[in-house]
K.L.:
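A single structure is presented below for examination.
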Amino acid sequence: QANATAHDEL
Amino acid sequence: MNLFRLCGDMFHLLSIMVLLLKIRATRSCRGISLKTQELYALVFVCRYLDLFYSFISVYNSFMKVTFLATAFSIVRYMRYDKVVKQTYDREQDTFRYVFLIAPCLLLALVLNHRFTLTEVLWTFSIYLEAVAILPQLVLMQRTQNIDNLTANYVALLGAYRGFYILNWIYRFATERHYRQWIVWISGVIQTALYADFFFYYALCWKANKRLQLPA
């Protein structure tokens, strides 16, 4: 999940 | 969620509130670029499509809906409100959408994490947000008397960007899998665009003068 973290920002 | 990100989000929210209050209280949108506001509305629509299929937290969903609603409210005032729309600097706000949207769309099609519709639109929104302030900065350069609310609006947006960068540095240091080069590079470019503005903002603030950007 390379980009899962960026999607939790606004 | 860390303190830097919370501060960033609050500055973002505050900037939008300042702008909405300015428009509602003074019945004027003088000095505000409709192009920038419409680009932000487009950014939010493309990025927050995930409201329909993913849930992260009540806070996230609430903020997303708030950003969407306020962005469209500002655009509605500037385009359709009988009084407010007459104060819009139409002749000065000449930046062409296509110069910003086309390169961002092309870049999002080429540089993305996954080639799916929602992921490409998300990436497009990240790139577009980085440059969406440009019409506003150009408009301010052309307007001689920038009112304090407009200056504060842009300064608050800049503060939001600054805190997001601190948030990424913090997450980079504390989270094992935080390698977000697309977000990083766009974010740094976006914040750099404000550097020039902040320089003059600080100068005028120190001298206790109204903000004036050099031509």
Side-chain angles (χ1 to χ4, degrees), chain A, chain B residues 1-2 4-6 8-13 16 43-44 47-51 53-57 59-68 111-114 116 118-119 121-123 125-126 129 160 163-165 167-168 170-172 174-187:
Chain A
Q1 283 275 315
N3 58 347
T5 43
H7 288 266
D8 64 13
E9 292 176 352
L10 292 170
Chain B
M1 178 83 140
N2 57 63
F4 298 121
R5 175 172 155 206
L6 185 64
D9 286 346
M10 289 305 120
F11 273 115
H12 196 180
L13 195 60
I16 295 169
V43 164
F44 291 145
R47 189 173 308 164
Y48 298 155
L49 283 175
D50 63 359
L51 272 171
Y53 60 87
S54 93
F55 175 79
I56 290 155
S57 64
Y59 171 83
N60 265 35
S61 302
F62 175 78
M63 293 294 271
K64 286 174 184 179
V65 172
T66 306
F67 285 156
L68 279 166
L111 291 179
N112 54 56
H113 287 298
R114 250 179 314 150
T116 60
T118 51
E119 188 65 22
L121 284 177
W122 180 84
T123 312
S125 82
I126 296 286
E129 190 190 351
Y160 144 62
F163 272 102
Y164 254 73
I165 288 197
N167 158 53
W168 297 330
Y170 179 83
R171 292 187 75 171
F172 187 78
T174 56
E175 287 173 39
R176 267 173 59 78
H177 296 292
Y178 200 73
R179 298 285 185 276
Q180 305 284 334
W181 55 270
I182 286 181
V183 173
W184 271 95
I185 294 169
S186 330

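Here the structure is a predicted model, which means the values were calculated and not measured. Quick note on labels: first sequence line is chain A, next is B, and so on, each numbered from 1.
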K.L.:
Ignoring hydrogens, what is the shortest heavy-atom contact between N167(B) and E9(A)? Give both atom names and the distance.
P.N.:
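Nearest heavy atoms, N167(B) then E9(A): ND2-OE2, 3.1 Å.
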
K.L.:
Does the side chain of H7(A) come under 3.5 Å of the side chain of E119(B) through a donor N or O and an acceptor N or O?
P.N.:
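Note: H7(A) and E119(B) side chains meet the donor-acceptor criterion.
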
K.L.:
Under a 4.5 Å heavy-atom cut-off, does chain A meet the side chain of F55(B), its backbone, both or neither?
P.N.:
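For F55(B), neither part sits under 4.5 Å from chain A.
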
K.L.:
Taking atom OH of Y59(B) as the centre, report whether more than 12 heavy atoms of other residues, nucleotides or ligands fall under 6.0 Å from it.
P.N.:
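Yes.
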
K.L.:
Just verifying a value: how many Å separate R171(B) CZ and D8(A) CG, rounded to the nearest 0.5 Å?
P.N.:
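Result: 4.0 Å between the selected atoms.
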
K.L.:
What part of D9(B) is in contact with chain A, defined as an atom under 4.5 angstrom from a non-hydrogen atom: side chain, backbone, both or neither?
P.N.:
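Only the side chain of D9(B) comes within 4.5 Å of chain A.
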
K.L.:
Do you know which two heavy atoms are closest between Y48(B) and L10(A), and how far apart they sit?
P.N.:
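Nearest pair, atom of Y48(B) first, then L10(A): OH-C, 3.2 Å.
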
